[in-house]
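Sequential numbering from 1 along the given sequence is applied to the chain's residues.
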Amino acid sequence: MKLTSPETILFNGKITTLDAQQPEVTALAIAAGKIIAMGSDLDIQALATELTLAIDLQGKRVVPGLNDSHLHLIRGGLNYNMELRWEGVGSVADALAMLQLQAARTPAPQWVRVVGGWSEFQFKEKRMPTLAEINAVSPDTPVFILHLYDRALLNGAALRAAGITKDTPDPVGGKIQRDTNGNPTGMLIAEPNAMILYSTLAKGPKLPLSDQINSTRHFMRELNRLGVTSCIDAGGGFQNYPEDYQVIEKLHDDGQMTVRIAYNLFTQNMGNELADFQKWADIVKPYSGDGYFRQNGAGEMLAFSAADFEDFLQPRPDMAARMEKDLGDVVRFLVENRWPFRLHATYDETIGRALDVFESINQDTRFDDLRWFFDHAETVSEKNMARIKKLGGGIAVQHRMAFQGEYFVDRYGKKAAEQSPPIRKMLEMGIPVGGGTDATRVASFNPWVSLYWLVTGKTVGGLSLYSENNCLEREEALRLWTAGSAYKSNEESVKGTLSPGMYADLVVTSSDFMTIPDAAIKALTSVLTMVNGKIVYAADAFSQFDAPLPPISPDWSPVRHFGGYQSPETHYALHANACIASSCAVHGNHKGHDGKLSRWLGLDSTEKQPQFENPWAMGCGCFAY
């Protein structure tokens, strides 16, 4: 490429480029949003002019901008400012203190929402908060707490706000837990379909448009703080196109996006999935847009009958007999119209049936170089990986096992967990693999938790899932989160490495990712994040380069008071104005209990089936408020 004068140079750093020719340099030169040169401090400083901004990296590590290949940013951004984050919180006591403080400042008719990204195993108590504790700290303000994809905890005020009473019937695929008198306790259970959880959450008030815009900007800034510069948005339930995309489109039109987004479209109409994609094919074309906001095809939901929810507290679901027809109709249309696609699939059994469909279509309507991949694939077999490879597909992995690994081991055993998912084997077979989170509900949006999981094979609770033969070296894990994810949006020629001609998307990390102890990876943040050569976040020694956003709105927002991803060293319980401890003698200490939710729910140890007659079998009835 023709060398021009740099607008910005970075020097005196340890820069991991992921470029095969120059894997590590000390300096970079940037112009027009791209890397124009890299090398030694002397070489790059010689390119500077009096107009060049020169930033001394002070010996810090620099890595390519992180790219989450499976994130629900567009939907998550609309709600971010009204969600209380328990991600990273170190104890039940602190989580309840946050809940109490937020309930006191949340105005009617708004709810306090804790929506995913946490696990009871992250807490030092190794347990869930009880319904009694939740009602004690918030007797009047509705509280909705989502636990992964398996259940939600509602206080009495939320039950009333959602209209759930003794006479409310259980929906198909869900269960309203009841006490011995038939009254709802406050627990909603996905059995196994999560629709009961999301349909209830959807009853809560939304933010007005101006606050949704503010919320999305602050969510992107939080991602920037954690080093994310790109993502592939996987759509989501209740995320209709184009009506629910007006906020992100406005931010794009106004030049206010700080995370690049390639978005997939997720069908919303069970039984009419094909009609959704036929309609969208007339509105938008794959890869249309620009480097900040571009269309990326279909999925992750292509057909509702082909979706296997990954609730490891429940037995593996068998897909409906109509799966092949439903999925086949959609995929044939997509392949005929050259629409790339992705498909949610947790279990090998689902993947095998989907591959039967894909291979049949490929016989007369060739996939050829069409980009397609499976999401998740925790239990994919080597046999099916070979079929994926032969058909030119890929896999996007997320750190869902970091949050559900204990449940998986409890149900399937430690041996089965050692290769769930078999990431090392995927790479050895030459399958394109991208890294991601599946945030914001089932797992945290913090990419460093995912990188920690990839490197160590450990859950957020510290359980070792994988032996060394299924853990990655740090550079390998980083490559999944950069070049690997870029492949999933057909952008590997413009991002994923810090090479001349590539986007100047990069992260200066708070500590050296390549050398710090494993446990410290989870605590990494960015001290300077650049997207397209522009500084979108800066802190600490680089704070003079930061450009703050407008204040968080509304003023009662949990994010305004607590921030986003939390630190286990922050102890909110010390600042709470009232005692938050439950008076229940059993739930007050939980001695003799291993903290597993499977035990809390009374799972039969022989058949591993939920026993809902007494789901909180602890000799205590305080869950019935």
Side-chain angles (χ1 to χ4, degrees), residues 8-19 22-28 30 35 38 41 55-68 87-88 220-231 258-259 399 435-437 444-456 472-485 495-499 502-531 533-546 563-569:
T8 304
I9 63 169
L10 309 178
F11 66 94
N12 187 27
K14 291 178 286 188
I15 303 173
T16 299
T17 67
L18 299 183
D19 182 297
Q22 291 182 280
E24 184 164 323
V25 297
T26 63
L28 294 172
I30 298 167
I35 308 294
M38 59 185 188
D41 288 353
I55 299 177
D56 183 348
L57 294 170
Q58 302 176 33
K60 289 285 189 181
R61 175 68 60 184
V62 179
V63 299
L66 301 179
N67 184 348
D68 191 330
E87 292 159 285
M220 287 193 290
R221 181 173 177 82
E222 175 67 358
L223 293 170
N224 296 151
R225 185 182 75 86
L226 295 169
V228 176
T229 59
S230 288
C231 77
T258 61
V259 175
H399 63 310
T437 63
S444 171
F445 52 73
N446 188 336
W448 301 108
V449 176
S450 175
L451 286 158
Y452 167 81
W453 165 73
L454 289 168
V455 168
T456 68
L472 303 186
E473 298 296 327
R474 297 192 189 194
E475 186 173 305
E476 287 181 304
L478 184 62
R479 197 175 293 278
L480 259 62
W481 262 88
T482 52
S485 294
K495 62 184 175 183
T497 67
L498 297 176
S499 307
M502 304 288 272
Y503 290 150
D505 298 352
L506 57 86
V507 183
V508 183
T509 57
S510 54
S511 298
D512 190 343
F513 169 67
M514 303 304 293
T515 62
I516 56 175
D518 288 346
I521 295 174
K522 293 182 291 185
L524 282 172
T525 61
S526 172
V527 291
L528 188 144
T529 304
M530 299 184 77
V531 177
K534 299 177 183 177
I535 298 171
V536 296
Y537 175 81
D540 298 344
F542 305 95
S543 58
Q544 71 269 29
F545 300 114
D546 195 31
Y565 191 87
Q566 300 293 307
S567 166
E569 285 71 46

**Q** Can you list everything that forms a salt bridge (charged side-chain N to carboxylate O under 4.0 Å, His left out) with Asp68? Sequence neighbours excluded, please.
**A**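 Asp68: no salt bridge (charged side-chain N to carboxylate O under 4.0 Å, His left out) contacts found.
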
**Q** Tell me every residue that passes side chain to side chain donor-acceptor pair (under 3.5 Å) with Ser567, counting only those two or more places apart in sequence or in another chain.
**A**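 Glu569.
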
**Q** Please name all residues satisfying side chain to side chain donor-acceptor pair (under 3.5 Å) with Thr509, sequence neighbours left out, ordered by chain then number.
**A**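 None.
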
**Q** Please round to the nearest 0.5 Å and tell me the distance separating atom CD of Glu222 and atom CG of Asn446.
**A**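 So the gap between those two atoms works out to 8.0 Å.
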
**Q** Between Thr229 and Leu66, does a side-chain contact (heavy atoms from CB on, under 4.5 Å) hold up when you go through it step by step?
**A** CA-CA 6 Å; Thr229 59; Leu66 301 179; 5.8 Å; no

**Q** Please find the pair of heavy atoms, one from Leu18 and one from Gly496, that lie closest to each other, and give the distance.
**A**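 Taking every non-hydrogen atom into account, CD1-O, 3.8 Å.
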
**Q** Using the side-chain contact (heavy atoms from CB on, under 4.5 Å) criterion, which residues pair with Ser499? Sequence neighbours excluded.
**A**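 Here the qualifying residues are Asp19, Thr497, Met502.
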
**Q** Could you tell me whether the side chain of Thr17 and the main chain of Gln22 form a donor-acceptor pair under 3.5 Å?
**A**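 Checking the backbone N and O of Gln22 against the side chain of Thr17, a donor-acceptor pair under 3.5 Å is found.
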
**Q** Measure the CH2-OG distance between Trp448 and Ser510 for me, rounded to the nearest 0.5 Å.
**A**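 Answer for the CH2-OG pair, Trp448 versus Ser510, is 8.0 Å.
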
**Q** Less than 4.0 angstrom from a charged side-chain N to a carboxylate O is my criterion; do Asp546 and Arg221 meet it?
**A**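 Result for this pair is yes, salt bridge flagged.
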
**Q** Sequence neighbours excluded, which residues qualify as ring-ring contact (aromatic ring centres under 6.0 Å, His included) partners of Tyr537?
**A**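 Residues passing ring-ring contact (aromatic ring centres under 6.0 Å, His included) with Tyr537: none at all.
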
**Q** Taking the side chain as every heavy atom from C-beta outward, state whether Leu506 and Ile30 have any pair of such atoms under 4.5 Å apart.
**A**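 They are in contact (side-chain heavy atoms under 4.5 Å apart), so the answer is yes.
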
**Q** Is there a donor-acceptor pair under 3.5 Å between the side chain of Ser526 and the backbone N or O of Val507?
**A**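 The answer is no, because no donor-acceptor pair under 3.5 Å joins these two groups.
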
**Q** Work out which heavy atom in Leu498 is nearest to a heavy atom in Thr16; give both atom names and the distance.
**A**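 Closest heavy-atom pair between Leu498 and Thr16: CD1-O, 4.0 Å.
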
**Q** How close do Thr258 and Val531 get, heavy atom to heavy atom, and via which atoms?
**A**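 Scanning both residues, the minimum pair turns out to be O-CG2, 3.3 Å.
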
**Q** Does a sphere of radius 6.0 Å around CD in Gln58 hold more than 12 heavy atoms from other residues, nucleotides or ligands, not counting ones at 6.0 Å or beyond?
**A**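 Enclosed: over 12 neighbouring heavy atoms sit under 6.0 Å from CD of Gln58.
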
**Q** Met530 and Thr8: which non-hydrogen atoms are nearest, and at how many Å?
**A**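 Scanning both residues, the minimum pair turns out to be CE-CG2, 4.4 Å.
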
**Q** Side chains of His399 and Val449: closer than 4.5 Å at any heavy-atom pair?
**A**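 His399 reaches Val449 side chain to side chain.
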
**Q** Within a strict 4.5 Å, meaning less than it, do heavy atoms of the Thr482 and Val63 side chains meet?
**A**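 Of all side-chain heavy-atom pairs linking Val63 with Thr482, none is under 4.5 Å.
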
**Q** Can you list the residues that meet the side-chain contact (heavy atoms from CB on, under 4.5 Å) rule with Ser230, with sequence neighbours excluded?
**A**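 In terms of side-chain contact (heavy atoms from CB on, under 4.5 Å), with neighbours along the sequence ignored, Ser230 is linked to Asn67, Arg260, Lys495, Asp505.
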
**Q** Do Met38 and Leu10 have side chains that get closer than 4.5 Å, going by heavy atoms?
**A**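 Heavy-atom side-chain distance check fails, nothing below 4.5 Å.
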
**Q** What residues form a salt bridge (charged side-chain N to carboxylate O under 4.0 Å, His left out) with Arg479, not counting sequence neighbours?
**A**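 Partners of Arg479 by the salt bridge (charged side-chain N to carboxylate O under 4.0 Å, His left out) criterion, ordered by chain and then number, come out as Glu475.
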
**Q** Determine yes or no for a side-chain-to-main-chain donor-acceptor pair under 3.5 angstrom, with Asp41 supplying the side chain and Asn12 the backbone.
**A**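 Yes.
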
**Q** State which residues pass side-chain contact (heavy atoms from CB on, under 4.5 Å) with Lys522; sequence neighbours excluded, sorted by chain then number.
**A**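 Scan of Lys522 (side-chain contact (heavy atoms from CB on, under 4.5 Å), adjacent residues dropped) gives Tyr452.
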
**Q** Test of understanding: with ring-ring contact (aromatic ring centres under 6.0 Å, His included), list the residues that count as partners of Tyr503, not counting sequence neighbours.
**A**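 Applying ring-ring contact (aromatic ring centres under 6.0 Å, His included) to Tyr503 gives none.
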
**Q** Answer whether the closest heavy-atom distance between the side chains of Leu524 and Leu451 falls below 4.5 Å.
**A**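 SC-SC contact between Leu524 and Leu451 ruled out.
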
**Q** Quick one: salt bridge (charged side-chain N to carboxylate O under 4.0 Å, His left out) partners of Asp56, sequence neighbours excluded?
**A**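 For Asp56 there are no salt bridge (charged side-chain N to carboxylate O under 4.0 Å, His left out) partners, ignoring immediate neighbours.
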
**Q** Taking all heavy atoms of Val508 and all of Phe542, pick out the closest pair and write down the distance.
**A**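 What the structure gives for the nearest pair is CG1-CE1, 4.4 Å.
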
**Q** Taking the side chain as C-beta and beyond, is there a heavy-atom pair between Ile521 and Phe513 under 4.5 Å?
**A**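 Ile521 reaches Phe513 side chain to side chain.
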
**Q** Any chance NZ of Lys14 has more than 12 other-residue heavy atoms, nucleotides or ligands included, within less than 6.0 Å?
**A**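 Yes, enclosed.
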
**Q** Considering all heavy atoms of both residues, which atom of Ser444 and which atom of Tyr565 are nearest to each other, and what is their separation?
**A**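 Smallest heavy-atom distance, with atoms named: OG-CE1, 3.3 Å.
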
**Q** Excluding sequence neighbours, so at least two apart, what forms salt bridge (charged side-chain N to carboxylate O under 4.0 Å, His left out) with Asp540?
**A**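 So Asp540 forms no salt bridge (charged side-chain N to carboxylate O under 4.0 Å, His left out) with any residue.
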
**Q** Would you say the side chain of Leu28 lies within less than 4.5 Å of the side chain of Ile9, judging by non-hydrogen atoms?
**A**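 Result no, sub-4.5 Å side-chain heavy-atom pair not found.
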
**Q** Quick check: does any side chain N or O of Ser485 sit under 3.5 Å from a backbone N or O of Leu480, one acting as donor and the other as acceptor?
**A**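 Yes; at least one donor-acceptor contact below 3.5 Å.
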
**Q** Is a side-chain donor or acceptor of Asn224 paired with a backbone partner of Val228 at a separation under 3.5 angstrom?
**A**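 Judged by distance alone, yes, a pair lies under 3.5 Å.
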
**Q** My understanding is that only residues two or more places apart in sequence, or in another chain, count here; which of them pass side-chain contact (heavy atoms from CB on, under 4.5 Å) with Ala520?
**A**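 Ala520 satisfies side-chain contact (heavy atoms from CB on, under 4.5 Å) with Ile516, Pro517 only.
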
